[in-house]
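Working notes for the structure below.
In what follows, every heavy atom counts, from backbone to side chain, and hydrogens, waters and symmetry copies are set aside. The first residue of the sequence shown is numbered 1, and numbering continues consecutively from there. Whatever order the structure lists them in is the order used to number ligands and atoms, beginning at 1.
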Amino acid sequence: MRTLISGGTVVNSSGSLEADVLVDGEKIVAIGARGSEVSLGWSEGADRIIDATGRLVVPGGIDGHTHMEMPFGGTFAIDTFESGTIAAAWGGTTSIIDFAIQSKGASLREGFESWSEKAAGSCAIDYGFHMIVSDVNESSLKEMDQLVDEGITSFKLFMAYPGVFYSTDGEILQAMQRAAGNGATIMMHAENGIAIDVLVAQALARGESDPRFHGLTRPSLLEGEATHRAIQLAKVAGAPLYIVHLSASEALDEVVRARDAGGNVFAETCPQYLFLSEADLAREGFEGAKYVCSPPLRSVEHSHDLWRGLRTNDLSVVSTDHCPFCFKEQKELGRGDFSKIPNGLPGVEHRMDLIFQGVVSGQLSVERWVEITSTTPARMFGLFPRKGVIAPGADGDIVIYDPAATQTISAATHHMAADYSAYEGMTLTGRVESVLSRGTVVIEEGAFFGRPGHGCFLERSTNQYLV
Ligand code: URP
Ligand code: ZN
Ligand code: ZN
């Protein structure tokens with residue numbers, strides 16, 4: 001199957017050009033100056049021609065942080081690998097990296113195999129795994145080396161959630177030392193969970209049970225403190241560090257300092273920290289439960305700093321931390337006790353569109369939009385140049401994007417399984433028009449043409465920013 005995408009503006013992180021793109025089978029095979037379809041006879045040999053006139057032609061998005069079917073707080077994230085990856089495709093994301101979980105007392109391999117079983121045959125787009133390490137011990141440390149050889153090259157540890165995923169500083173240091181030896185990147189949920197649990201217990205004892213207290217008991221200072229500690233531990237171990245879902249100015253300050261000093265320290269933020277705020281968490285009645293995630297939504301001053309961080313590359317990536325729970329029945333578990341509200345928001349479908357608003361407002365160039373949503377995650381997580389770029393030899397993961405279309409986000413029209421949208425009623429400029437995943441058209445003219453099982457497991461190499 002040969003597909004010609006003609007007449008569009010090809011946008012890579014390195015620059016934009018008016019060009020035609022030829023895809024043969026699963027791969028991009030050629031890019032030619034506009035008119036190549038005629039001068040090189042590409043149109044004659046093509047089975048399908050997509051007219052991209054007036055459109056951007058960009059590499060498929062890579063969402064490096066999702067939690068399909070994740071067990072949390074006595075329930076499971078509501079998107080399956082099938083529904084979540086179909087929703088991702090609708091939004092122009094053609095690869096996800098989800099988190100396989102090691103349960104306490106179990107091995108890393110058991111976690112990897114169990115998550116592989118859920119994902120294999122279900123994903124509509126390509127997928128890889130990071131590994132959540134919740135039981136650091138001699139044998140799980142050894143297993144990290146084997147998993148790196150099998151394409152799991154990043155491991156998430158938690159300074160939050162004591163009794164669940166939490167690791168002590170000593171355990172974190174040991175995992176980092178292992179990563180320093182095997183080339184893996186340590187991903188960190190940087191919030192001081194021990195101190196937070198004290199604040200939560202005190203708040204509940206005072207009868208403060210509404211969703212807004214979720215935010216008030218997780219102050220930004222404790223994210224800054226944990227981020228500082230994680231950076232120091234990584235320095236001692238000599239391991240690369242990637243701070244996940246960074247939400248607070250104090251945490252960003254720590255990352256800036258470490259990067260300015262030349263450290264292999266990286267960070268992502270998420271659309272919810274750029275577009276939503278503590279005011280959403282404080283919505284009337286129990287509505288705020290829709291916005292409970294950790295770290296929590298903060299004041300708009302933090303969002304301004306995060307946008308700055310994206311411009312200056314102190315924040316390298318935007319991922320979603322897609323971890324959706326229905327308002328009815330799931331978020332309800334925490335009515336009367338905010339600490340029992342499952343943590344997480346739906347978002348995998350809207351990341352590309354939301355971050356495109358940075359282009360619309362003039363805060364980001366269109367190339368930077370591609371960089372933080374596709375190219376950098378590809379390099380950070382060992383997928384480049386197979387993913388994250390429109391170039392000969394790369395996978396045919398391509399989004400044809402209409403920069404002038406408008407859309408209004410709503411749970412009534414989104415494809416995620418959650419029964420609400422955190423961005424309900426928000427009107428955006430820009431819209432995904434067509435999506436190709438490894439050369440196959442999966443979204444076109446408002447319809448899904450993909451299939452569960454089309455997505456392949458991505459065996460990843462190590463972080464390509466390391467020297
Ligand atoms: O609230 C969140 N972030 N839920 C998902 C789990 C995590 O810590 O990433
Ligand atoms: Zn986390
Ligand atoms: Zn997460």
Side-chain angles (χ1 to χ4, degrees), residues 63-79 84 88 96-103 111 115 127-134 154-167 172 185-193 196-197 200 211 214-215 217-218 220 222-223 226-227 230 241-248 251 266-274 276 278 280-281 288-298 317-327 330-331 333-334 338-348 351 377 381 416 418 422:
D63 191 340
H65 189 152
T66 65
H67 300 281
M68 308 303 173
E69 309 180 30
M70 182 192 187
F72 195 104
T75 186
F76 289 84
I78 193 73
D79 266 315
I96 60 163
I97 311 177
D98 206 86
F99 287 82
I101 301 180
Q102 175 203 25
S103 311
W115 256 257
Y127 65 97
F129 290 117
H130 314 285
M131 187 87 223
I132 287 178
V133 184
S134 47
S154 36
F155 298 85
K156 182 177 177 189
L157 288 133
F158 286 76
M159 300 169 119
Y161 304 128
V164 188
F165 297 126
Y166 173 84
S167 293
I172 289 168
T185 294
I186 294 295
M187 308 174 83
M188 189 61 72
H189 182 132
E191 286 187 292
N192 184 329
I196 285 168
D197 273 9
V200 168
H214 172 77
T217 54
R218 304 183 89 94
S220 57
L222 293 182
E223 188 182 338
T227 304
L241 177 67
Y242 178 95
I243 305 288
V244 293
H245 47 46
L246 188 148
S247 74
F266 310 93
E268 67 175 18
T269 190
C270 311
Q272 54 269 33
Y273 302 120
L274 297 163
L276 305 172
E278 60 191 5
D280 293 299
L281 206 44
K290 292 178 176 174
Y291 300 91
V292 166
C293 58
S294 294
L297 302 179
R298 311 237 181 242
V317 170
V318 178
S319 305
T320 57
D321 193 10
H322 176 76
C323 190
F325 298 98
C326 284
F327 183 56
Q330 294 190 297
K331 293 283 185 179
L333 294 168
F338 68 85
S339 72
K340 295 198 165 59
I341 299 170
N343 287 198
L345 303 187
V348 75
R351 182 182 65 117
F381 300 123
M416 300 177 285

| said: Distance under 4.0 Å to a non-hydrogen atom of Ser294: what atoms of ligand 1 satisfy this? | reply: 1 (O), 2 (C), 3 (N)

| request: Please answer whether the main-chain N or O of Gly347 pairs with a side-chain N or O of His322 as donor and acceptor at a distance below 3.5 Å. | output: yes

| Which residues satisfy the salt bridge (charged side-chain N to carboxylate O under 4.0 Å, His left out) test with Arg218, sequence neighbours excluded? | Glu191

| task | Starting at CG of Leu345, measure out to OH of Tyr273 and round the result to the nearest 0.5 Å. | result | 7.0 Å

| Atoms of ligand 1 close to Cys293 [distance to a heavy atom under 4.0 angstrom, numbered from 1] | 1 (O)

| request: Looking only at N, O or S atoms, find the one in Asp321 nearest to the Zn ion (ligand 3) and name it. | output: OD1

| request: Find all atoms of ligand 1 within a distance of less than 4.0 Å from any non-hydrogen atom belonging to His67, and give their numbers and elements. | output: 5 (C), 6 (C), 7 (C), 9 (O)

| Can Arg351 and Thr320 be said to form a side-chain hydrogen bond (donor to acceptor under 3.5 Å, both in side chains), step by step? | CA-CA 7 Å; Arg351 182 182 65 117; Thr320 57; 5.9 Å; no

| task | Looking only at N, O or S atoms, find the one in His189 nearest to the Zn ion (ligand 2) and name it. | result | ND1

| query | Does His65 bring an N, O or S atom to within less than 2.8 Å of the Zn ion (ligand 3)? | reply | yes

| remark: Checking heavy atoms under 4.0 Å, the part of Asn343 that sits near ligand 1 is both

| message | How close do Leu157 and Ser167 get, counting heavy atoms only, and between which atoms? | response | CD2-OG, 3.5 Å

| message | Please report the interatomic distance NE2(His67) to CZ(Phe99), rounded to the nearest 0.5 Å. | response | 5.0 Å

| request: Return yes when at least one N/O/S atom of Lys156 is nearer than 2.8 Å to the Zn ion (ligand 2), and no when none is. | output: yes

| query | Using a heavy-atom cut-off of under 4.0 Å, does the side chain or the backbone of Lys156 touch ligand 1, or both, or neither? | reply | side chain

| query | Under the criterion side-chain hydrogen bond (donor to acceptor under 3.5 Å, both in side chains), which of His189, Glu223, Gln272 is the partner of His245? | reply | His189

| field | Heavy-atom check, side chain of Trp115 versus side chain of Tyr127, under 4.5 Å | value | no

| task | Output the list of atoms in ligand 1 that are nearer than 4.0 Å to some heavy atom of Phe158, sorted by atom number. | result | 8 (O)

| Which atoms of ligand 1 are found less than 4.0 Å from any heavy atom of His189? | 8 (O)

| request: If you have a sec, work out which protein heavy atom is nearest atom 3 (N) of ligand 1 and how many Å separate them, to one decimal? | output: Asp321 OD2, 2.6 Å

